[in-house]
Asker: 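A single structure is presented below for examination.
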Amino acid sequence: MRVTLPFFNRPTLEVLEDLIGMVLVRKSSGSSATGIIVEAEAYRGEDDPASFAFRGRTKRSERLYGPPGRAFVYLTYGQHHMLNIITEREDFPAAVLIRAVEPREGIAMMVKRRKTDNLLQLCSGPAKLCQAFDIDLSLNGIQLYSPKSVLLIEERERPKNELAWRPRIGIREGKDRLWRAYVKDSPFVSYK
DNA sequence: TAAGGGATATGCT
DNA sequence: GCATATCCCTTAT
């Protein structure tokens, strides 16, 4: 599926699953960092106790109610940035948290930002990938489907001679809360 | 594997 | 004012 506005304006659990295997691109002064999304988590509706929207519209949850296809970046624990992708129609609060990516391009830059050369430690966590991709509050609200954007989601090119290139996706349903999708057997996911 | 520190925007009293 | 948060890292058992 092509990544344009309608891609994000759909039920969050569908977007969640489709985002797995897609490419996160961060452009910065000439070079760019890219990675394949291998783990993500859904937050949807005011009835989801894990969502910022659980207690209604506040300054913090406001962007969840905004138009789909934009980034919702915020700071937690005073030092870690989180990247969410807004889904569903305007006024319905929902998003997908990007939890882990498999680093592809710009790895040298990521190593520098993360201060580790362990590939498995580069982007295996929501705050880790933000650090590796230089994502902070300045990118809050940015459009993710414009080719001009410095942060965007792209469809992965189908590799030649590889028939079954789509990743094997696992879905976990939390007890009373979140849904998490991940690439089965990927060493780049955040949990052990 | 477990425990504790870090450092700040946000919401609640 | 105070408590808490979609977490990471270091240090200690």
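Letters A, B, ... are given to chains in the order of the sequence lines, protein chains preceding strands, and every chain is numbered from 1. Worth knowing before you read on, the calculation uses all heavy atoms, side chains too, and leaves out hydrogens, waters and symmetry mates.
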Asker: Hey, are A/Glu46 and A/Tyr65 close enough side-chain-wise for a donor-acceptor pair under 3.5 Å?
Answerer: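 A/Glu46 and A/Tyr65 do have a side-chain donor-acceptor pair below 3.5 Å.
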Asker: When you look at CZ of A/Arg55, are more than 12 heavy atoms from neighbouring residues, nucleotides or ligands closer to it than 6.0 Å?
Answerer: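 Incorrect, the count does not exceed 12.
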Asker: Under 4.0 Å between a side-chain N or O of A/Tyr74 and OP1 or OP2 of C/dT6?
Answerer: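 Checking C/dT6 against A/Tyr74, a side-chain N or O does come within under 4.0 Å of OP1 or OP2.
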Asker: At less than 4.0 Å, is any side-chain N or O atom of A/Arg114 found next to OP1 or OP2 of C/dC9? Yes or no.
Answerer: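 Answer is yes, contact under 4.0 Å.
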Asker: If you measure only the distance, is there a donor-acceptor pair under 3.5 Å linking the side chains of A/Arg99 and A/Ser190?
Answerer: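 Checked: A/Arg99/A/Ser190 side chains pair up, N/O donor to acceptor below 3.5 Å.
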Asker: Salt bridge between A/Arg10 and A/Glu88, side-chain N to carboxylate O under 4.0 Å?
Answerer: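 A/Glu88 and A/Arg10: not salt-bridged.
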Asker: Heavy-atom count around A/Glu157 CD within 6.0 Å, excluding the residue itself: above 12?
Answerer: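 No, CD of A/Glu157 has 12 or fewer neighbouring heavy atoms, counting only those of other groups under 6.0 Å.
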Asker: Cation-pi check, A/Arg26 to A/Phe133: give yes when NZ or CZ is under 6.0 Å from the six-membered ring centre and within 45° of the ring axis, no otherwise.
Answerer: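 Negative - A/Arg26 is either too far from the ring of A/Phe133 or too far off its axis.
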Asker: Extract the stems that DNA chain C is part of, considering only consecutive pairing runs of at least three Watson-Crick or G-U wobble pairs, both distances under 3.5 Å.
Answerer: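 Stems for DNA chain C, defined as runs of 3 or more consecutive pairs: B:1-6 with C:7-12, B:8-12 with C:1-5.
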Asker: Figure out the CD1/C1' separation between A/Ile135 and C/dC7, and round it to whole Å.
Answerer: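 Answer to the nearest Å: 15 Å.
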Asker: Here's one to test your reading of the geometry: is the NZ or CZ of A/Arg172 within 45 degrees of the ring axis of A/Tyr182 and under 6.0 Å from its centre?
Answerer: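 Satisfied, under 6.0 Å and within 45°.
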Asker: Send over the distance from A/His80 NE2 to B/dG6 P, rounded to a whole Å.
Answerer: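 After rounding, the reported distance stands at 13 Å.
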Asker: Rounded to whole angstroms, how far apart are CG on A/Leu122 and P on C/dC7?
Answerer: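 Rounded to whole Å, this separation is 19 Å.
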Asker: Please work out which residues in residues 52-67 of chain A have a non-hydrogen atom less than 4.0 Å from an atom of DNA chain B and list them by number.
Answerer: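 Here the set is A/Thr58, A/Lys59, A/Arg60.
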Asker: Over how many whole Å does the gap from A/Gln79 atom CD to C/dC9 atom P extend?
Answerer: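 One finds 10 Å between P of C/dC9 and CD of A/Gln79, rounded.
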Asker: What integer distance in Å separates A/Arg99:CZ from C/dC7:P?
Answerer: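 To the nearest whole Å, that distance equals 6 Å.
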Asker: What integer distance in Å separates A/Tyr77:OH from B/dG4:C1'?
Answerer: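 A/Tyr77 atom OH is separated from B/dG4 atom C1' by 13 Å.
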Asker: List the atom pairs, donor and acceptor, that lie under 3.5 Å between side-chain atoms in residues 66-86 of chain A and the rest of the protein, sequence neighbours left out.
Answerer:
residue : atom : partner  : partner atom : Å
A/Arg70 : NH1  : A/Gly141 : O            : 2.8
A/Gln79 : NE2  : A/Tyr77  : O            : 3.3
A/Asn84 : ND2  : A/Phe72  : O            : 3.4

Asker: Determine whether the side chains of A/Asp136 and A/Ser138 contain a donor N or O and an acceptor N or O closer than 3.5 Å.
Answerer: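 Result is yes, a qualifying pair exists.
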Asker: Could you tell me the separation between the CE atom of A/Met82 and the C1' atom of B/dT10, rounded to a whole number of Å?
Answerer: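 After rounding, the gap between these two atoms is 15 Å.
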Asker: Atom CG of A/Leu97 and atom P of C/dT6: how far apart are they, to the nearest Å?
Answerer: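 About 10 Å, once rounded to whole Å.
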